[in-house]
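Single-structure report; data block below.
The chains referred to below are lettered A, B, ... by the order of the sequence lines, with proteins before strands, and numbering in each begins at 1.
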Amino acid sequence: MVQKLDFLKETPSQTAGPYVHIGTNPNWVEITGVWNEDLGLVLVGPETMGERIIVKGRIFDGAGDVLRDALVEIWQADAEGLYNSPSETRGKADPNFVGWGRQPCDGTTGEYRFETIKPGRVPYKDGRMMAPHITVWIVARGINIGLHTRLYFADEEAANAECPVLAQIARKVRIPTLMASRGEENGLPTYTFDIHLQGEKETVFFDI
Amino acid sequence: MTDNGQYFQRDRTWHPPAFTPSYKTSVLRSPQQPLISLENTLSEMTGPVFGHSKIGPLDNDLIRNYAQTGEAIGQRMIVYGRVLDENARPVPGALVEFWQANAGGRYRHKKETYLAAIDPNFGGCGRMITDEEGRYWFRTIKPGAYPWPNGVNDWRPAHIHFSIFGHAFAQRLITQCYFEGDPMIWQDPIAMTVPDKVAVEQLIAALDRQNTLPMDSLAYKFDIVLRGRRSTMFENRMEGN
Ligand SMILES: [Fe+3]
């Protein structure tokens, strides 16, 4: 025998199940009067700095069917590339931008949608700059542990080409699965980020 | 010595794998390519702060927070515990959200089709932000077991779903809490997605007779462990230790 290390084990994950929204978006599933508003619906206010964008997309399973019961969370830096978090030591982030969002996929179309701002660039641990990106986390029935990926902006070609995280993806043909394509809606830039859980176009997921 | 390095690598053998055919929905919803291992960057080591101002006084009382004509029906109980990290340190300020079926095993959801009765006084959701010692607690009724479409006769054991948001996106976790002594846990295709028996036991809340309220409520203790961070024992190193 040797001395015991004092670490605990992380609690094992379990699927969020089909009714995750009861806990995360009760008003959205018509459980009203319990709390005023569901958390994470609104990211941007009139004072928030940065370029307004819309991020949207759908999630597809291995048969090509759209998930209509998933929950999507995003986390991102402000327009200057600072996170609104106590762990951010490089400066003070925009106080009018929390950077965290949470949306259910639409029960009919399966689309998720966030109105947010374009994030600035954040350094990698060695100081090289990562390309602008949004962290995306999805849970749903049938997903045993939350899936973690990143949305990158397809029109940021130069920044994407030098991003140290994208550079770690050995199979370059998979990099386009992380690229949101730019369009326009009501005069706002719109980025579409579809997520594929399996198949030819399977999205790159990260073990972070 | 402070914990400000990267988060410990997740032990993927402790968690359920993505592909678990006995839980049929996972078959088409499990990535097949290997995950890309990524050392934590600021994007994963940061996370939002949830203010206590967002939380209402009844948010952790499921017996009363949806009451219309009276209190929720069922076995009254208190569920409490601490949110810790793998270094056994408390995680204060964590957002803990929970949802569950009513005493008959029925959820309040338009897609729910189980024939058990709806309880007009039970919504089934609650939340809390952990205190300085990482503690959370709530009052509820014991959820019922329920059948679900998987095998022709599969039943979920009584359980409460938990979502936990600690200090960093790397710690984000959703799980389920089961109850001591329930034989149905070991027949449940979802609990059994967790490969290790000891890991399943980490999901089972202990009956705590010391914290019951006499003539009122039972008590169950359910501690939750989020990922821990490496400490920087030698500050002159560039990157943690
Ligand atoms: Fe459930």
Residue part contacting chain B, namely of [X], when any heavy atom lies under 4.5 Å:
X: A:Thr32; answer: backbone
X: A:Leu147; answer: side chain
X: A:Thr135; answer: side chain
X: A:His133; answer: side chain
X: A:Phe206; answer: both
X: A:Ile22; answer: both
X: A:Pro18; answer: backbone
X: A:Val34; answer: both
X: A:Glu202; answer: side chain

What part of [X] is in contact with chain A, defined as an atom under 4.5 angstrom from a non-hydrogen atom: side chain, backbone, both or neither?
X: B:Ala18; result: backbone
X: B:Glu97; result: side chain
X: B:Tyr7; result: neither
X: B:Thr193; result: side chain
X: B:Asp223; result: backbone
X: B:Leu203; result: side chain
X: B:Ile164; result: neither

- request: Evaluate salt bridge (Lys or Arg N to Asp or Glu O under 4.0 Å) for B:Lys54 paired with A:Glu37, printing each intermediate quantity in order.
  value: CA-CA 9 Å; B:Lys54 295 267 185 205; A:Glu37 50 169 330; 3.8 Å; yes
message: Given 3.5 Å as the limit, does a donor-acceptor pair link the side chain of B:Thr175 with the main chain of A:Pro12, or not?
response: yes
- request: Determine yes or no for a side-chain-to-main-chain donor-acceptor pair under 3.5 angstrom, with A:Thr11 supplying the side chain and B:Val225 the backbone.
  value: yes
field: Ion pair check, B:Arg29 and A:Asp69, cut-off under 4.0 Å
entry: yes
message: Heavy atom to heavy atom, less than 4.5 Å: which residues from residues 90-97 of chain A reach chain B?
response: A:Arg90
- line: From the list B:Trp99, B:Tyr107, B:Phe98, B:Tyr114, ring pair (Phe, Tyr, Trp, His ring centres under 6.0 Å) with A:Tyr19 holds only for B:Tyr107
field: Spatial distance of atom CG (B:Leu84) from atom CG (A:Leu8) [nearest 0.5 Å]
entry: 6.0 Å
statement: Max heavy-atom pairs within cutoff under 4.5 Å with chain A, candidates B:Lys24, B:His161, B:His167, goes to B:His161
message: Check the orientation of B:Phe169 and A:Trp75. Use parallel for under 30°, tilted for 30 to 60°, and perpendicular for over 60°.
response: parallel
